[in-house]
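Structure first, then comments.
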Amino acid sequence: SKTGYGKFHQSYIKPYLNSHPELIDKLSKLLGLNLDVIAKQIKDARMENQISAEEVLSMKVLGGIGFIFFLLLGVTIPGGSSLIFVGVLSYLIGGIAPQRTIQTKIKQRKEQILDELPDFLDLVKSVTESGLVIQEAINKVTARMGDSPIAEEFKKVAVKTKSNGGHWREAMEEMAF
């Protein structure tokens, strides 16, 4: 990962988890997290280079530990209300923010695709009217639209079609939106 937390995770947490692989399963079950679902959400949000499911898990654990630590410290020390606030902040940053950010990115991506869809379909219609078959038209329009989310999805369809022996319909059914 390219984040500061990602570097911390890679340097300190991941080596420990690698030497105790059963801990990941225990922690994910304890927190009610399905790492496969989180990994898919990260992929859907196109954040694979920014965060991993294991990082989300460790952030939740550290956020919870920070919350409990600062809460206990805050209630035992006179005038410790600011420590309670730090505990709540720790939980919000570590326990809630990562998955909320992933969900927000997924929602934004879907909204972008829906916004681009009418223009994409208009362009495909125009290109097919000029004589190209639908697959060629989609490839041409996708190239014209650059790196937009809808173009990215159709580029994946083209790659999948080539890799599965030309089964365009199968690739379309696997499309993310």
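Contact record, Pro15 with Ser11: CG-O, 3.4 Å, taken as the closest heavy-atom pair. When all heavy atoms of Ile42 and Ser52 are compared, the pair lying nearest together is CD1-C, 3.5 Å. When all heavy atoms of Ser90 and Gly66 are compared, the closest pair comes out as OG-CA, 3.4 Å. Scanning both residues, Pro118 and Asp115, for their nearest heavy atoms gives CD-O, 3.5 Å. Between Thr128 and Ala137, the closest heavy-atom pair is CG2-CB, 3.5 Å. Minimum heavy-atom separation, Ala53 to Ala39: CB-N, 4.0 Å.
Rounding to the nearest 0.5 angstrom, the gap separating the CG atom in Leu83 from the CG atom in Leu89 is 12.0 Å. Annotation: the span from Leu33 atom CG to Leu27 atom CG amounts to 9.5 Å, rounded to 0.5 Å. For the atom pair Leu123 CG and Glu116 CD, the distance stands at 11.0 Å (nearest 0.5 Å). Going from atom CD of Glu54 over to atom CG of Asn18 covers 9.0 Å, rounded to the nearest 0.5 Å. For the atom pair Lys105 NZ and Gln41 CD, the distance stands at 15.0 Å (nearest 0.5 Å).
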**Q.** Lys107 and Gln112: CA distance, side-chain angles, deciding distance, side-chain contact (heavy atoms from CB on, under 4.5 Å) verdict
**A.** CA-CA 9 Å; Lys107 183 180 178 193; Gln112 264 187 299; over 6 Å; no

Would you sort out whether Gln103 and Gln108 count as a side-chain contact (heavy atoms from CB on, under 4.5 Å), showing the intermediate values?
CA-CA 9 Å; Gln103 292 300 325; Gln108 289 171 345; over 6 Å; no

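Annotation: side chain to side chain contact (heavy atoms under 4.5 Å, CB included) contacts of Glu129 (sequence neighbours excluded): Lys125.
Comment: Lys155 engages Asp147 in a salt bridge, judged by a side-chain N to carboxylate O separation of less than 4.0 angstrom. Using a cut-off of 4.0 Å between Lys/Arg side-chain N and Asp/Glu carboxylate O, Glu55 and Lys7 are scored as not salt-bridged. Lys40 has a carboxylate O that lies under 4.0 Å from a charged side-chain N of Asp44, or vice versa, which qualifies the two as a salt bridge.
No option in Ile51, Leu62, Ile93 other than Leu62 meets the side-chain contact (heavy atoms from CB on, under 4.5 Å) test with Tyr5.
Counting heavy atoms from C-beta on, the side chains of Leu73 and Ile84 never come closer than 4.5 Å.
Separation of the Phe70 and Phe85 ring centroids does not fall under the 6.0 Å cut-off.
Relative ring orientation between Phe154 and Phe120 is described as parallel, the plane-to-plane angle staying below 30° on a 0-90° scale split at 30° and 60°.
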